[in-house]
Number of protein chains: 2
Amino acid sequence: MRAKRNAAAMASHDETASPEASFTAAETAYRRLRSDIVAGVFEPGQPLRLEFLRQRYGLSFSPLREALNRLQTERLVLAAALRGFSVAPVSIEEMWDVTETRTLIECEALKRSIDRGDDDWEAGIVAAFHALDLQVRRLAPLGRELSVDELSALEIRHQEFHSALIAKCGSRRLINLSDQLHVETQRYRLPALAGKMPTGPRDVAFEHRQIMDATLARESDKAEALLAAHYRRTAELIEAQMSPRSG
Amino acid sequence: MRAKRNAAAMASHDETASPEASFTAAETAYRRLRSDIVAGVFEPGQPLRLEFLRQRYGLSFSPLREALNRLQTERLVLAAALRGFSVAPVSIEEMWDVTETRTLIECEALKRSIDRGDDDWEAGIVAAFHALDLQVRRLAPLGRELSVDELSALEIRHQEFHSALIAKCGSRRLINLSDQLHVETQRYRLPALAGKMPTGPRDVAFEHRQIMDATLARESDKAEALLAAHYRRTAELIEAQMSPRSG
DNA sequence: AAACATCTTTCTTTCGAAAATCCTGCGTGA
DNA sequence: TCACGCAGGATTTTCGAAAGAAAGATGTTT
């Protein structure tokens with residue numbers, strides 16, 4: 001224990017070294033749990049026994065329970081009184097609910113960003129698109145399944161692009177909701193993408209470029225429609241993947 | 001401690017007696033904390049010292065921390081690593097952000113309910129409106145400030161009406177978000193209403209009737225516009241109350 | 001064999017103390 | 001006078017054990 005606490009202390013004094021160092025054990029538990037649930041390390045519906053988590057993460061009950069309580073309100077974890085926690089189940093219905101809610105939130109946020117966005121906002125979008133594009137071009141011609149690391153790097157760039165679009169919406173809540181809903185959609189997208197070729201029948205890069213172009217042209221309605229279609233297509237592909245299998 | 005645990009156990013075996021009995025200490029902590037924050041018992045920005053809460057609620061650290069972690073993700077509590085928790089501050093900007101986000105969510109949910117609503121849904125709206133109306137008529141002619149109990153009874157009816165409107169939207173997330181945003185708005189509405197006459201210059205009952213009529217007539221656009229105006233007016237009154245004072 | 005009660009085991013939940021950290025006030029030196 | 005560092009106290013955070021409840025196993029009765 002002492003070693004861990006000291007490591008945390010050092011990290012907090014040395015913020016430049018590791019940009020997102022986790023300070024407390026509860027924060028560590030939160031991030032690792034969330035990451036493992038999103039990545040599908042834990043099956044949907046699986047009970048999250050505290051003793052198991054304690055051994056896996058090397059933490060004590062208290063920080064684990066604090067993290068699980070947070071994840072409960074974020075819909076990643078289910079809590080039953082006196083019966084512990086479990087991974088929130090997934091279903092096609094839930095997948096569509098996340099997708100549609102996310103579309104609602106992000107379309108509104110995009111519209112507001114288009115209304116308020118300044119030069120920095122535009123530059124941020126162009127930069128994020130370019131970084132995403134580079135990553136796609138690097139990975140696409142490999143002609144093989146992507147590794148977890150490659151997939152996760154791509155996911156980060158993807159999220160940063162969508163985040164840049166709505167950055168100037170002026171609402172903390174919309175941005176926050178967008179982040180949360182993004183995490184929820186990852187639960188569906190990552191398993192569907194794992195072990196797949198980087199390029200399917202779909203030209204995602206082109207969809208992104210279209211969204212960016214309409215956004216920079218300040219064409220709200222068109223940008224919103226393209227964004228909504230972008231998410232809808234992803235959902236349809238995921239649904240097609242989920243339907244034949246057990247899910 | 002033993003007495004408390006037994007009480008919880010009894011409640012869980014006897015669910016019919018008390019409809020919303022809190023089972024675990026953590027759940028109790030969550031509800032009492034949330035209620036106290038919303039009611040303004042704790043000032044916005046006030047630090048929430050654990051020793052203070054422990055004495056106030058007669059609970060131990062663990063359940064308190066679990067509750068505070070949940071409230072953190074619900075934006076009622078601020079958490080700073082190794083520096084504890086505090087009541088989330090309020091501001092006119094935040095108030096508008098809550099109001100506009102809530103409007104976005106509930107207008108969409110109302111539209112979908114109007115599309116999908118059945119007879120039970122309509123009946124639920126009429127019933128909720130009537131109960132709200134009865135309460136208003138009972139309280140309005142009193143010609144004095146409302147007590148905390150009267151105000152809270154009114155608030156429950158009010159929320160039930162708005163909840164009935166969107167009940168058939170078909171999205172767990174929209175309903176859930178609506179609930180959370182309602183709690184957040186209460187932080188602004190309750191202090192503004194406390195010590196006020198039940199009837200101001202504004203005919204809230206009439207606004208509600210208009211919303212109901214448009215909804216039952218399945219006029220989505222009109223109902224949405226009325227609902228948005230309803231929330232906007234409330235926000236404007238709260239802003240007017242907050243501006244002259246310190247806030 | 002089924003229904004039921006009781007015991008055991010497993011797990012969650014809570015507690016209180018210990019460890020780690022932050023904050024404040026005081027003294028020291030420039 | 002002001003910056004700096006260093007105790008001492010206050011507070012948060014974590015831990016491990018103990019208490020309590022649920023699930024499962026065993027035996028008993030009808």
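Each chain gets a letter, A, B and so on, in the order its sequence line appears, and its residues count up from 1.
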Determine, for Glu184(B) against Arg102(B), whether the closest basic-nitrogen to carboxylate-oxygen distance falls under 4.0 angstrom.
no
Would you indicate what Ala80(B) reaches in the nucleic acid, counting non-hydrogen atoms under 4.0 angstrom: base, sugar-phosphate, or nothing?
sugar-phosphate
Between atom CZ in Phe85(A) and atom C1' in dT10(C), what is the gap in whole Å?
17 Å
Rounded to the nearest angstrom, tell me the gap between atom CG in Leu53(A) and atom P in dT13(C).
12 Å
To the nearest Å, how far apart are Leu82(A) CG and dA19(D) C1'?
12 Å
Whole-Å distance between dC11(C) C1' and Gln55(A) CD?
14 Å
Scan the side chains in residues 36-52 of chain B for donor-acceptor partners under 3.5 Å anywhere in the protein, sequence neighbours excluded, and list what turns up.
residue	atom	partner	partner atom	Å
Asp36(B)	OD2	Arg56(B)	NE	3.3
Asp36(B)	OD2	Arg56(B)	NH2	3.1
Asp36(B)	OD2	Tyr57(B)	OH	2.6
Gln46(B)	OE1	Glu43(B)	N	2.9
Glu51(B)	OE1	Arg54(B)	NE	3.2
Glu51(B)	OE2	Arg54(B)	NH2	3.1
Glu51(B)	OE2	Gln55(B)	NE2	3.1

Verify the distance criterion only: is there a donor paired with an acceptor across the side chains of Glu74(B) and Tyr30(B) at less than 3.5 Å?
yes
In numerical order, the residues of residues 60-69 of chain A whose heavy atoms come under 4.0 Å of DNA chain C are Arg65(A)
Are any of the side-chain nitrogens in Arg189(A) or Glu155(A) under 4.0 Å away from the carboxylate oxygens of its partner?
yes
In whole angstroms, the gap separating P of dT12(C) from CG of Leu48(A) amounts to 9 Å
Below 4.0 angstrom from OP1 or OP2 of dC23(C), is there any side-chain N or O of Arg83(B)?
yes
Ignoring hydrogens and geometry, is there a side-chain-to-backbone donor-acceptor pair from Ser243(A) to Ala240(A) under 3.5 Å?
no
Heavy-atom closest pair (Ala29(A) atom, Leu64(A) atom, distance to 0.1 Å) is CB-CD2, 4.0 Å
Below 4.0 Å: OP1/OP2 of dT10(C) and any side-chain N or O of Arg49(A):
no
Can you measure Arg54(B) atom CZ to dT11(D) atom P for me and round it to whole angstrom units?
13 Å
Would you call Arg172(B) and Glu93(A) a salt bridge, using N to O less than 4.0 angstrom?
no
May I have the distance from Leu50(A) (atom CG) to dC15(D) (atom P), rounded to whole angstrom?
13 Å
Between dA17(D) atom C1' and Glu51(A) atom CD, what is the distance in whole Å?
13 Å
